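Report on one structure; see the data block that follows.
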Amino acid sequence: MSFIHPETMEEAAINNLMSRDGFQFILTSMLDNFVGFTPLGIVLTLMLGIGVADKEGLLETFIKHTIVKAPKRLVTYAVVFAGVIGNIAGDASFVIIPPLAAMVFYNLKRHPLAGLAAGFAGAGAGFTANIIIANTDVVISGISTDVMQGINPDVIVTPVDNWYFLLVSALILPLVGAWITEKVIEPRLGTYEGEVEKSFEEPSPLEVKGLRNTGMAILVYLGLLVGVIMLPDSPLRNDTGGLVPSPLISGIVPILTLFFIIIGVTYGITVGSIKKSNDVPRFMGEAIKDLSGFIVLIFAAAQFIAYFEWSNMGTWLAVTGANYLQSIGLTGLLIILVFILFTGLLNLLIFSGAAQWALQAPVFLHMFYLLGYHPAFIQAAFRIADSSTNILTPMNTYFIIILGYVREYDEDAGLGTLISLMLPYSLAFFAVWIVLFFIFALLGLPFGPGIGVYI
């Protein structure tokens with residue numbers, strides 16, 4: 001089988017991986033595929049910083065303080081907001097936030113399952129949104145960049161390319177989650193009559209002092225960063241003095257890594273979790289250990305993308321799909337909506353966003369690139385669909401853990417109970433996020449620095 005490549009206008013054939021050449025490629029490229037896979041080095045570097053902030057308790061204390069210190073009328077918003085930004089701590093947000101939110105609601109004489117649902121909705125359905133660049137941005141953009149290297153090496157997707165859109169999302173989605181909790185979930189649950197044996201521990205005065213010192217460290221770091229950017233011949237600006245593109249954008253991962261190390265060390269020294277210099281690399285090592293499953297996933301994803309590219313199957317599917325869509329006149333934003341809905345359904349079967357994007361990106365990034373769409377725009381469409389249905393699928397690794405929390409307040413609860421509890425959140429997040437996505441697209445608002453709808 002062969003096809004005409006639309007960029008080179010040359011005939012390209014499907015290559016057989018089971019052939020002699022294919023077998024040689026599998027053996028000789030395996031190490032290069034893995035070591036050269038873009039997300040690997042980026043994620044490991046960033047986790048060196050996040051690991052320090054996470055392992056000595058900063059992120060958990062921040063999340064807890066955000067919920068506890070919120071005014072009573074804003075507690076629901078604070079719970080969902082803490083869940084949304086909790087992806088800074090990775091998947092740990094699924095374990096930390098829902099039970100914590102349940103206890104907060106119980107102490108306020110509200111139904112604990114409503115708090116648990118609100119926390120799970122923020123952590124799960126809003127997983128990809130955040131106010132700062134997080135590990136998720138690094139992983140997804142790394143896969144996009146790696147795929148684009150086989151299509152157009154000049155097109156690079158950076159971790160900040162969806163930041164503006166996800167920043168706005170992180171502020172709007174908690175409003176949606178709070179409304180669903182107070183207007184739909186709590187009236188349905190009624191009054192909670194049971195008793196809870198667990199006690200709730202607020203952040204200690206020392207931990208609060210640690211957060212205060214951390215805030216001062218953040219201000220100092222950001223002040224220095226802005227000062228360097230404002231220098232007449234700043235090394236963070238490009239040759240024309242601009243910021244898009246610039247070393248600031250391309251070097252965002254080292255900048256973030258240093259940021260997390262500084263705030264982690266500041267907090268750790270204040271609360272006493274860091275007593276000597278070798279505590280810092282120890283926390284870094286523990287964070288890398290937690291990435292063992294991710295590294296295995298990346299190994300498989302790297303091989304899949306490399307084999308798919310070598311075989312020309314991805315290109316054939318992309319070209320065939322793009323030609324078909326052009327022939328029926330379906331090249332506008334409607335096809336993006338179809339892609340979002342398809343991704344949301346596929347997420348019910350493949351929970352890992354990295355794994356799902358590694359499967360979809362080689363085909364859809366190329367296909368939509370041939371239609372003129374920017375890969376970062378398509379990536380944003382993927383991310384809202386990939387997150388919104390996280391809380392509905394039993395394929396979610398933490399689904400059973402959350403069900404265990406639910407059964408602490410309702411012994412008769414089963415999978416159906418949890419799914420019905422989370423369904424309003426999933427549908428509402430999905431609908432509002434799609435509307436917000438198309439508002440950005442139709443108004444020409446940038447999804448990130450210099451990133452629009454089209455290439």
Side-chain angles (χ1 to χ4, degrees), residues 39 87 91 94 120-121 123-129 136-137 139-144 146-148 157 162 165-166 169 173 293-294 296-298 300-305 307-309 313-318 320-322 324-325 330 333-369 371 373 375-400 415 418-419 422-423 425-438:
N87 67 57
D91 289 355
F94 286 101
F120 186 35
F127 183 78
T128 198
T136 311
D137 301 278
V139 175
I140 299 298
S141 64
I143 293 175
S144 299
D146 208 72
V147 169
M148 290 305 300
V157 182
N162 294 151
F165 173 67
L166 297 179
S169 301
L173 292 181
F294 171 79
V296 173
L297 171 64
I298 284 297
Q303 308 309 324
F304 173 82
I305 291 176
Y307 299 164
F308 215 51
E309 179 182 331
M313 279 295 296
T315 305
W316 175 76
L317 288 171
T320 304
Y324 175 73
L325 293 175
L330 191 59
L333 293 179
L334 178 60
I335 191 60
I336 306 298
L337 177 60
V338 174
F339 169 71
I340 292 173
L341 296 176
F342 168 75
T343 300
L345 291 174
L346 186 60
N347 187 52
L348 296 175
L349 302 176
I350 307 173
F351 168 66
S352 169
Q356 185 175 345
W357 190 227
L359 291 173
Q360 289 186 253
V363 176
F364 289 103
L365 278 189
H366 199 169
M367 182 174 73
F368 285 118
Y369 173 77
L371 295 176
Y373 291 103
F377 171 72
I378 302 302
Q379 176 184 278
F382 164 82
R383 296 179 73 171
I384 64 176
D386 173 65
S387 292
S388 297
T389 53
N390 274 341
I391 55 178
L392 294 182
T393 172
M395 300 301 290
N396 184 334
T397 312
Y398 300 93
F399 203 80
I400 298 301
L415 287 176
L418 181 54
I419 292 175
M422 303 313 300
L423 183 60
Y425 291 103
S426 181
L427 295 177
F429 274 44
F430 209 175
V432 170
W433 224 341
I434 288 175
V435 171
L436 180 63
F437 177 81
F438 283 108

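Because the structure is predicted, anything quoted here is derived from the model rather than measured.
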Interatomic spacing from [atom1] in [X] to [atom2] in [Y] - rounded to 0.5 Å:
X: L427; Y: L392; atom1: CG; atom2: CG; result: 7.0 Å
X: T128; Y: D386; atom1: OG1; atom2: CG; result: 7.0 Å
X: L346; Y: T393; atom1: CG; atom2: OG1; result: 10.5 Å
X: F382; Y: I340; atom1: CZ; atom2: CD1; result: 11.5 Å
X: F342; Y: I335; atom1: CZ; atom2: CD1; result: 11.0 Å

Output yes when a side-chain donor or acceptor of [X] lies under 3.5 Å from a complementary backbone atom of [Y], and no otherwise.
X: N87; Y: A129; answer: yes
X: Q356; Y: T343; answer: yes
X: S169; Y: F165; answer: yes
X: S387; Y: G126; answer: no

Check your understanding: Going by distance alone, is a donor N or O of one side chain under 3.5 Å from an acceptor N or O of the other, for N347 and N390?
Key ->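 Checked: N347/N390 side chains pair up, N/O donor to acceptor below 3.5 Å.
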**Study point:** Ring center gap for F94 and F399 short of 6.0 angstrom
**Key:**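 No - the distance between ring centres of F94 and F399 does not fall below the 6.0 Å cut-off.
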Review point. Residues in side chain to side chain contact (heavy atoms under 4.5 Å, CB included) with L297, at least two apart?
Key: S352, A354, A355
Practice item. Specify whether F437 and F377 have parallel, tilted or perpendicular ring planes, treating 30° as the upper limit for parallel and 60° as the lower limit for perpendicular. Key: parallel
**Study point:** Residue of the set I350, I140, V139 for which side-chain contact (heavy atoms from CB on, under 4.5 Å) holds with W357
**Key:** I140
Point to revise | Closest non-hydrogen atom pair between F429 and L173, with its separation | key: CZ-O, 3.7 Å
